[in-house]
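For reference, the structure is listed below as C-alpha cells.
Sequence lines set the chain letters: A, B, ... in the order given, protein chains first and strands last, and positions in each chain run from 1.
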Amino acid sequence: MTLQDTNIDTHTESSRIRNQRLEKLEKIKSLGIDPYPYKFIRTHKAEELQVKYKDLANSQETDDTVTVCGRIHNERNDWMFIDLYDDSGKIQLYCDKENLDKKLVEFLPLLDKGDHIGAKGIIRRSPRGELSIKVSEVIVLSKSLLPLPEIIEGKKRHLGIHDIETRYRQRYLDLIVNPIPKETLKKRAKITSEIRNYLDEKGFLEIDTPVLQVEAGGAEARPFVTHHNALNIDLYLRIATELHLKRLIVGGFEKVYEIGRIFRNEGISTKHNPEFTSIELYEAYSDYNDMMDLTENLVKYICQKVNGKLQIEYQGKIIDFEKPWKRIPMLDIIKEHAKIDFSKCLHNPEEASKLAINAGVKLECRGAPMVCPDCGIIIAKVFEERVEAKLIQPTFIIDYPLEISPLAKKHRSIPGLVERFELFINGWEIANSFSELTDPLDQRKRLEEQAKKKAAGDHEAHPLDLDFLTALEYGMPPTGGLGIGIDRLVMLLTNSASIRDVIAFPTMKPL
RNA sequence: GCGCUAGUAGCUCAGGGGUAGAGCACUCGGCUUUUAACCGAUUGGUCGCGCGUUCGAUUCGCGCCUGGCGCACCA
C-alpha cells in the first residue's frame, strides 16, 4: 500500500484503518495531548535493562524506577501488556489497570501497534519470567496512522514482510519488522569504518574527488549523463575514482584513498546496482605485489573484525580467508582449467582466436561475433568463461594481457602482459589492482587506442583525459593502486544473496 | 535486452467461465498476569492494468505494468 492510496482512495481497507487512527489522533488532541512532542529523556534502553536485571527472579519487584521509549510492536490483554522495541531490543510494559490512574486507563485504547511511546515505571519480573516495567506513566511520542505488516509463521504471529518488492521499496518497513536487514546494514557500516581504521592507521589519507566529471574515466563502463544549467554543459557521473586519486599522488600525497559512490549505466541484477560503493587506494613507491599483501591483510582484518573468525559460510559454501591466498598468473590458470596455452601467441591474435575456438569458446560480444579481437580480449573471454566461476576460495589472478589494462604498467619481465591482479572470491571479482602506469608517453598511447575504440562506437572504452596525461608528464612516482567493490565484499561477509540486501535503498523502477 | 515465473482483503495465502474465500489484523462486546493471550460478532476486494473471446471473464487469449530468478552486460 502506498501513501497515494491512502490519500486518494477513501474506500480501501487501508484507508478505513487510517481513518480509525485519525479519529484516535483527534481524541488524543482533544485531551490536550500533543501526539507529536519534541523530546523524551529515557534512563535505559531495552537491552540494558535485560542485562542489568537478568538475575531478577520471577515475580520479584524492585523499587527501581526507569523510563524507556520505543515503538509498540504488540499488545495483549487489552493493553495490559505491551511489547516495546527500541533499537537495542524489547522490553515488556505491564499496565496494572486496577492500580493505574483512571485517565491513563482511558488513554491506553487510543494507542495502536506502531505508535512510539515513552513510559515510566518500576522494574519487575512477571510470574512467567518476562522482565517488565510496571508502568505509572505512558505518553505518546508519535502516533502511527498506518498498520505495520504482520506475518504468521507456524503458530507465531509477528511483525514481518514476505513481499520482496515491498521490502526494497519501503525499506523503512523492512527495517522496522525484520531483524536481518538491520544487522546487515550495521555490519556494512562496521566494514567501512574498519577499512578506514585500518588505512588511517597505516598513514593513508581519505580525500573526496569529484562525482561530476567532464569525462568519466578510469574504467570501462557507460556513464550516466547529467546537465549543469549555469555552465550549460553536460557532465558525467563518475565511473571510478582512479584518475583523480592518481592526480593526488602526482600532487605529492603518498598514500591516499577514497570510499565513494560510483555510477555505471548498466543492467541491474542480484550482483549489480547502478550506484555502488568502491574503495580505491594508491600508495607511492609501491607495486602490485605490495598491493596484494595489503589486500590480503586488509580483507582478513575486516573479516575478523566483523565476523570474529576467518572462515565464513556464504550461501552454503564455506569460504576460508585464513590460509595464504593463492597467487596464480592468468595464463597458468587458463592452462589448468581450459587446457589452452596462450603464452606463445600473446602477439598473434589469429593464433589465439584459433586456440579459443578449438577449445569451444565462442568469441562473441552481445551475441554478435567479435570483430578483429586482440589477444587480450580473447584471453579475457576464455578466462571469464572457463575459470572465473571456479575461483571460490580467495585467489589472486595476476599478470593480465596488456590490451584490457590500459592504466597498468607493462610487466617488468613478460612482454604483452601488465602488472595487474584481480582478487576472486566465490567466483566474483572483488578487487582490481595494478602497478600503476606512470610513463606519460606510454599512457598517452594507450588512451589514444581507447579513444579510437570509443570513436568506433565502443561506449565502454576509456575516454581521453588530457589533463590526466598532463599531470603524468609532470612526473608520477611508482605507485601501486587498488580498487575493491565494497558491496560484494559486504555480501560475502553478511551472507547476503542479493546486492539489494546490502544497499539501504537499492535502485528500483518507479511505479 | 532475452527466457522462466508471480501479482486475489491491511498481512499471509487458497480458489477458479456463473453473487469472491480462509486465517490473522482492524472495529465492537466478553474475559483479565499475558507473551500467537483467549472467546464471540461485525467489517473489509476495480482478483496488477488494458484489449479481446463469451450471454457472462477474477478465471481463457493477447498486450502492457511491476517484482523475483536465470542469461547477457558488467564490478
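Distance check: A/Gln60 CD to A/Ile123 CD1 gives 13.0 Å after rounding to the nearest 0.5 Å. The distance from atom CG of A/Asp501 to atom CD1 of A/Ile164, rounded to the nearest 0.5 Å, is 8.5 Å.
For the residue pair A/Ser144/A/Arg71, the side-chain donor-acceptor check at 3.5 Å is not satisfied. No donor-acceptor contact under 3.5 angstrom links the side chains of A/Arg188 and A/Ser496, judged on distance only. Checking A/Tyr85 against A/Asn74 by side-chain atom types alone, no donor-acceptor pair falls below 3.5 Å. Between the side chains of A/Glu258 and A/Thr241, not a single donor N or O lies within less than 3.5 Å of an accepting N or O.
Pair assignment for B/U46: none, as no Watson-Crick or G-U wobble contacts are both less than 3.5 Å. Pairing for B/A20 is absent, with no Watson-Crick or G-U wobble pair whose two atom distances lie under 3.5 Å. Nucleotide B/G61 is matched to B/C51 when pairs are restricted to Watson-Crick or G-U wobble geometry with both distances under 3.5 angstrom. A 3.5 Å limit on both hydrogen-bonding distances identifies no Watson-Crick or G-U partner for B/A9. When both pairing distances are held under 3.5 Å, B/C4 makes a Watson-Crick or G-U pair with B/G68. Using N1 to N3 plus N6-O4 or O6-N4 for Watson-Crick, or N1-O2 and O6-N3 for G-U wobble, each under 3.5 Å, B/G40 pairs with B/C28.
At the phosphate of B/G68, OP1 or OP2 sits under 4.0 Å from a side-chain N or O atom of A/Arg500. At the phosphate of B/U33, neither OP1 nor OP2 sits under 4.0 Å from any side-chain N or O atom of A/Lys97.
Summarising the geometry, the separation between CG on A/Leu159 and C1' on B/U12 is reported as 14 Å, rounded to the nearest angstrom. Distance, A/His73 NE2 to B/A36 P: 16 Å, rounded to whole Å. If you measure from atom CZ of A/Phe81 to atom P of B/C31, you get 17 Å, rounded to the nearest angstrom. Across the protein-nucleic acid pair, A/Glu150 atom CD and B/A9 atom P stand 17 Å apart, rounded to whole Å. Counting to the nearest Å, the C1' atom of B/U32 and the CH2 atom of A/Trp79 are 16 Å from each other. A/Gln20 places its CD atom 7 Å from the P atom of B/C28, with the value rounded to the nearest Å.
Which of B/U27, B/C69, B/G68 sits closest to the side chain of A/Ser498 comes down to B/C69. Closest to the side chain of A/Lys381, from the set B/U32, B/C73, B/U33, is B/C73. Set against B/U33, B/U27, B/C73, the side chain of A/Glu266 has B/C73 as its closest nucleotide. Considering only side-chain atoms of A/Ile17, the nucleotide from B/C26, B/C69, B/C73 that sits closest is B/C26. Between B/G67, B/G70, B/U33, one nucleotide has an atom nearer to the side chain of A/Thr270 than all others, and that is B/G70. The side chain of A/Arg169 approaches B/U66 more closely than any other nucleotide in the set B/C69, B/U66, B/U32. When each of B/C11, B/A36, B/C73 is scored by its nearest atom to the side-chain atoms of A/Pro149, the top-ranked nucleotide is B/C11. With B/U12, B/U33, B/G68 as the candidates, the nucleotide lying closest to the side chain of A/Arg124 is B/U33. You'll find that the side chain of A/Glu429 is closest to B/A75, out of B/A75, B/U32, B/C69. Closest approach to the A/Lys509 side chain among B/U35, B/G68, B/U66 is made by B/U66 (side chain taken as heavy atoms from C-beta onward).
For the C1' atom pair drawn from B/U58 and B/G7, the interatomic distance equals 12 Å after rounding to whole Å. Taking atom P in both B/A6 and B/G48, the straight-line distance is 13 Å, to the nearest Å. Going from the P atom of B/C24 to that of B/A41 covers 11 Å, rounded to whole Å. For the C1' atom pair drawn from B/U53 and B/G15, the interatomic distance equals 23 Å after rounding to whole Å. The P atoms of B/A22 and B/G44 are separated by 13 Å, rounded to the nearest whole Å. Straight-line distance between the C1' atoms of B/A14 and B/G1: roughly 36 Å, to the nearest whole Å. With C1' as the reference atom, B/U19 and B/A25 are 26 Å apart, rounded to whole Å. Rounded to the nearest Å, the gap between the P atom of B/C64 and that of B/G3 is 10 Å.
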Test side chain to side chain donor-acceptor pair (under 3.5 Å) on A/Tyr400 and A/Glu422 and set out the steps.
CA-CA 9 Å; A/Tyr400 277 58; A/Glu422 290 189 327; 2.9 Å; yes
If you apply the rule salt bridge (charged side-chain N to carboxylate O under 4.0 Å, His left out), what do you find for A/Lys90 with A/Glu130, and how did you get there?
CA-CA 11 Å; A/Lys90 175 189 137 181; A/Glu130 184 78 31; 3.5 Å; yes
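Across all strands, A/Arg21 comes closer than 4.0 Å to no nucleic acid atom at all (heavy-atom distances). Heavy atoms of A/Arg167 sit nowhere under 4.0 angstrom from any nucleic acid atom. Across all strands shown, A/Asn265 has no heavy atoms under 4.0 Å from either base or sugar-phosphate atoms. Residue contacts shown for A/Asp83 are absent, as no nucleic acid heavy atom lies under 4.0 Å away. A/Lys113 comes within 4.0 angstrom of the backbone, heavy atoms only, and of no base. When heavy atoms are screened at a 4.0 angstrom cut-off, A/Lys134 is found touching no nucleic acid atom at all. Note on A/Asp163: only backbone sugar-phosphate atoms sit closer than 4.0 angstrom, heavy atoms only; bases stay farther off. In this structure, A/Asn432 reaches neither bases nor backbone, as no heavy-atom distance under 4.0 Å exists between it and the strands shown.
Stacking between A/Phe276 and B/A75 is shown: the ring centroid lies under 5.5 Å from the centre of the six-membered base ring, and the planes differ by under 30°.
Within a 6.0 Å radius of CZ in A/Phe321, more than 12 heavy atoms belonging to other residues, nucleotides or ligands are found.
At a cut-off of 3.5 angstrom, the base of B/C73 holds no donor-acceptor pair with the side chain of A/Arg222.
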